[in-house]
Amino acid sequence: MADEEVWKAIDDLHAWLDANKAVDGPEALLLRVLKLSEEVGEVAQAVIGATGQNPRKGTSHTWDDVRSELCDVVITALVALRTLTPDAREVFATHLAGVTERSLGGRTP
């Protein structure tokens, strides 16, 4: 999926969620951001399941499950960012460039 398609999908998901939200106003924004915590918890659950760390459940997940849950975190974060600003694509690109510059100092690994 190309960059343009990714942001179109984020816009579409944002519009769909806005059209189907149960609450309005500041609570809607807070709930959209809190959704990230739920998704991160699902990543943790999948990692624990993939490593068999819960003796009661054993190996209940795969690393494919972990990858899928990580993708859900990214999607949820981008939709939350889009909820905060219609310029989410530019805000993200600018922030990523800053983190990359700060971390890599202009060099590529």
Count the heavy atoms belonging to other residues, nucleotides or ligands that lie under 6.0 Å from [atom1] of [X], then report whether that count exceeds 12.
X     : atom1 : result
Trp16 : CH2   : no
Glu4  : CD    : no
Lys21 : NZ    : yes

Is [X] reaching over with its side chain to a backbone N or O of [Y], donor-acceptor style, under 3.5 angstrom?
X      : Y      : value
Ser68  : Asp64  : no
Ser103 : Thr100 : no
Asp65  : Thr62  : yes

Hphob cluster co-occupancy, [X] + [Y], side-chain heavy atoms under 4.5 angstrom:
X     : Y     : answer
Leu36 : Leu70 : yes
Val74 : Phe92 : yes
Ile75 : Leu96 : yes
Val79 : Val91 : yes

To the nearest 0.5 angstrom, please state how far the [atom1] atom of [X] sits from the [atom2] atom of [Y].
X     : Y     : atom1 : atom2 : answer
Gln45 : Ile48 : CD    : CD1   : 8.0 Å
Arg89 : Ile10 : CZ    : CD1   : 11.5 Å
Thr83 : Lys35 : OG1   : NZ    : 13.0 Å
Lys8  : Leu13 : NZ    : CG    : 10.0 Å
Leu81 : Leu78 : CG    : CG    : 6.5 Å
Glu90 : Trp7  : CD    : CH2   : 8.5 Å

For [X] and [Y], work out which heavy atoms get closest and say how close.
X     : Y     : value
His61 : Ala46 : CB-O, 3.4 Å
Val40 : Val73 : N-CG2, 3.9 Å
Val66 : Ala50 : CG2-CB, 4.2 Å

Candidate pair Arg32 and Arg82, rule side-chain contact (heavy atoms from CB on, under 4.5 Å), full reasoning: CA-CA 10 Å; Arg32 187 117 355 129; Arg82 173 59 186 84; over 6 Å; no
I would like to know whether Arg102 and Val99 meet side-chain contact (heavy atoms from CB on, under 4.5 Å); could you show each step before the answer? CA-CA 5 Å; Arg102 189 171 59 247; Val99 169; 3.2 Å; yes
